[in-house]
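Before any comments, here is the structure.
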Amino acid sequence: MDDTKEYLSGLNESQLEAVTHVEGPLLILAGAGTGKTRVLTSRIINIVDNAHAFPSQILAVTFTNKAASEMRQRVEKYLGDVMGSMNIGTFHSIAAKILRKHAELLGYKSDYTIINQDDQIRLIKQIVKDFGFDEKDVPAKLLLYYINRFKDRAILPENVASNDIGHFANNKIKQLYHEYQDRLKNFNAMDFGDLLLNNITLFNTHLDICLLYQNKFKYMLVDEYQDTNIAQYMWLRILSQNNNNICCVGDDDQSIYAWRGAEISNILRFDKDYKDAKVIRLERNYRSTQHILNIASKLIANNTMRHFKELWTERTDGDMVKVVNYYDDKEEARAIADEIDMLERMKKCSLSDIAVLVRAGYQTRNFEESLNFLGIPYRIIGSTKFYDRTEVKDGVAYIRLLINHDDNLAFERIINVPKRGVGPSTLQNIIQLSKENGISYFAATKMLVQQKKSKSKAMDSLADFINHIETSNHQLKHTEHRKVVEELMEKTSYLEMYRKEDKEDAKDRFGNIKELVRSLEEYESLNDFLQYITLVNDADNVAEDNRVNIMTMHAAKGLEFDTVFLPGWEEGVFPSSKSIEEDRENGLEEERRLAYVAITRAKRNLTISYACYRRVYGDFQASEISRFINELPKNAYQLINNYFNNTYKQNNNHPVIKINKARSIEHAKFGVGEKVEHVTFGKGVVLSADGNVRQVFFEKTGVKKIMVEFLKIV
DNA sequence: CGGAACCGGGTTTTT
DNA sequence: CCCGGTTCCG
């Protein structure tokens, strides 16, 4: 092997071995920060470079689009455009692509829609109702959970026993699941689980197609193997059967998705599944300092179900890991914001190199407030997904109905948005009619309108609605799709609704719809668009601008930051009480792995903290230090006790001001958000400006009005 | 049918 | 505390 090649240079011994072991099954146990993406991409390049296969014969699977596009980019740097033909993507997007080609064989049309959780719930609620169950006895969310779990394990309705879930839903689980699948098929729709499930069915029932793909994918690479579920496992097994060239990369210590069906056993028994599998461990860490790795290893050592491995590094520089306690959750957030402010001012690190990682979404609020207060720009990753906003979902529903009139879920969502006088009773009539005649809601509405029994307002607006959708659909043949949608949103008065409303967020919503419409021009067709958006989330745009990153620990997987804050390490919050209640030992170990993931995101600075009191559900509760902190040896970190440091405690009523973008503009002249100092009052922050008078919030004494002359910028 | 006023229940993590 | 769902009234 010629290791003068650029893509091989700089690899350590095990990395090089992993890259150049071309034939046969290979498992790479890659600890956090050990350069696995580098190995994966070099491996692909090596295969192509040595003519083992054409790019189109390589399949590389990841879990997130972000990971996929990063891998694609890195490979393209070496191999250039040829990579267009390579199959790099998420399990779901690759499975979806395959199904577009063969949907007919399974009784779907190739333009099937992919539905999200929202639609799943909507559909399940209907079914539960139609079965005559009370929503309280058979909660839609729980039923959804069970159905998803079946799909994760590649279990079809016919293979479910009626008492598989104990006595849930009067032993009707099988029928409920069956009905759910039937209705989806009627809508020509699939949920996430179906994408994999239908692939497996396709391969099992059509040998020719199975062979086609087995031959096509000569080399397979799988990232984050510890997160695969049984369906994904089977899919990989089937595809790799012929060539046996499958390379899986993973880290059992980073398995944090058991709750959505991931089977850690997949990675633990890889060498039994694949005969003569080679196993290579990557243990040299290039990311973090020894202090940080030490904390991570000590913590994860408390888990019993794991392959032992020990990460090491040559980076012996850096500060100790800090463990800090605070009076309450607000103070914790304020102090961290202060610290971030200081780091930036001292030019110790730029904002985009800083991350605050929390256990659950609700915890981000305090940090938004405190960062706003100091005028520090931040971004929250994962929370407000563009496609999760009500108005965007409405817009998408219009598009769905526009190209597929049978999409009952979309129909139900928007039939009365904006309000057009179609209430529950009218909707009930439509549903009734649709059932009687075995037709879609849309067709039933058409029928209802044509019967014209009553000349009510509802009938008129329904007629208009039907008309608009149908004419728009015809227009698609000769008019640009973006134009058609734009017009439809006008005709149906959807845009008008937000134009009229004079709430603050109506403007945002209006803008979002406009942006949605605009983005359509980036797609060949509306079908392309729909296919894309369901499979993509916004973690892709971990943008480059200079902001603090706030996100959940789950969302942080695969990322790294110079400085990381891990707040809220309290019993019940982290480890989360839910996860322990659910599944005592397994739950706790998964929480510990999550902690391991979170810790190993940090390159240089790591601060873990907890609050002695926390607002929960609106009241104030004492909290207990997380067991995870207690599991760390005392000499492995520096303890900072801030509980009795009263600066924040006394001034619990900070006014909250929104000045997120103001910082750079007003910075120079004691602008809002500026940190200032006064000879007697000490440090403070400018709240508002009026002429040469500033209203300043001082940490020690609260709000005061001061002339600019007496202030100095800190 | 739509809006306002009220009540009760829930906060884990997501392709 | 925030939301979604329900109820009651015009």
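Convention: sequence-line order gives letters A, B, ...; per-chain numbering from 1. Nothing here was measured: the structure is a model prediction, and the numbers come from that model.
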- Mind calculating the distance between CD (A:E581) and C1' (B:dG10) to the nearest angstrom? 13 Å

- Is there a side-chain polar atom (N or O) of A:S579 under 4.0 Å from OP1 or OP2 of B:dT13? no

- Quick one: label A:G361 by what it contacts on the DNA or RNA (base, sugar-phosphate, nothing), any heavy atom closer than 4.0 Å. sugar-phosphate

- Item | A:A555 side chain, from C-beta outward: closest of B:dT12, B:dT15, B:dT14 | B:dT14

- Query: Would you call A:D152-A:R260 a salt bridge at under 4.0 Å N-O?
  - Reply: no

- Message: How about OH on A:Y213, more than 12 heavy atoms from neighbouring residues, nucleotides or ligands closer than 6.0 Å, or not?
- Response: yes

- Message: Of the listed nucleotides (B:dT13, B:dC1, B:dG2), which one gets closest to any side-chain atom of A:T426?
- Response: B:dC1

- Item | Under 4.0 angstrom between A:K578 side-chain N/O and B:dG10 OP1 or OP2 | no

- Task: Could you check whether A:Y617 gets within reach of a base, just the sugar-phosphate, or nothing at all, counting any heavy atom under 4.0 Å?
- Result: base

- Query: Should A:N416 be listed as having a side-chain N or O under 4.0 Å from OP1 or OP2 of B:dG2?
  - Reply: yes

- Item | A:T552 side-chain N/O to B:dT12 phosphate OP1/OP2 under 4.0 Å | no

- Task: In whole angstrom, give the distance that lies between atom CG of A:D152 and atom P of B:dT15.
- Result: 14 Å

- Query: Taking atom P in both B:dT13 and C:dG4, what distance in whole Å separates the two?
  - Reply: 15 Å

- May I ask you to say whether A:R593 pairs ionically with A:E590, meaning some side-chain N is under 4.0 Å from a carboxylate O? yes

- Would you say the ring centroid of A:Y610 lies under 6.0 angstrom from that of A:W569? no

- Atom pair distance, as rounded to whole Å: CG in A:D191 and P in B:dT14: 18 Å

- Quickly work out the A:Y362 OH to C:dC3 P distance and round it to whole Å. 16 Å

- Message: Please tell me whether A:Y180 and A:D191 have a donor and an acceptor in their side chains that are separated by less than 3.5 angstrom.
- Response: yes

- Query: Is the aromatic ring of A:W259 within stacking range of B:dT13, meaning centres under 5.5 angstrom and planes under 30 degrees?
  - Reply: yes

- Note on the structure: Closest to the side chain of A:V616, out of B:dT15, B:dT12, B:dT11, is B:dT11

- Position toward the 5' end of DNA chain B (nearest nucleotide), A:Q120 or A:K141: A:K141

- Task: Any chance you could lay out the side chain to side chain donor-acceptor pair (under 3.5 Å) test for A:E263 and A:N229, step after step, and finish with the verdict?
- Result: CA-CA 5 Å; A:E263 293 279 336; A:N229 61 31; over 6 Å; no

- Item | Identity of whatever pairs with B:dT11 - Watson-Crick or G-U, under 3.5 angstrom | none

- Item | Closest to side chain of A:K125, choosing from B:dT11, B:dT14, C:dG5 | C:dG5

- Item | Nearest listed nucleotide, side chain of A:K419, among B:dT14, B:dT11, B:dG3 | B:dG3

- With the side chain defined as heavy atoms from C-beta on, A:R260 is closest, among B:dG2, B:dT14, B:dC1, to B:dT14

- Message: Expressed as a whole number of angstroms, how long is the span from A:L144:CG to B:dT14:P?
- Response: 15 Å

- Item | Atom-to-atom span, CG of A:N229 to P of B:dT14 - whole angstrom | 17 Å

- Task: Starting at atom NZ of A:K151, determine the distance to atom C1' of B:dT15, rounded to an integer number of angstrom.
- Result: 14 Å

- Can a side chain N or O of A:S93 be found less than 4.0 Å away from OP1 or OP2 on B:dT15? no

- Query: Atom CD of A:Q117 to atom P of B:dT12: distance rounded to whole Å?
  - Reply: 12 Å

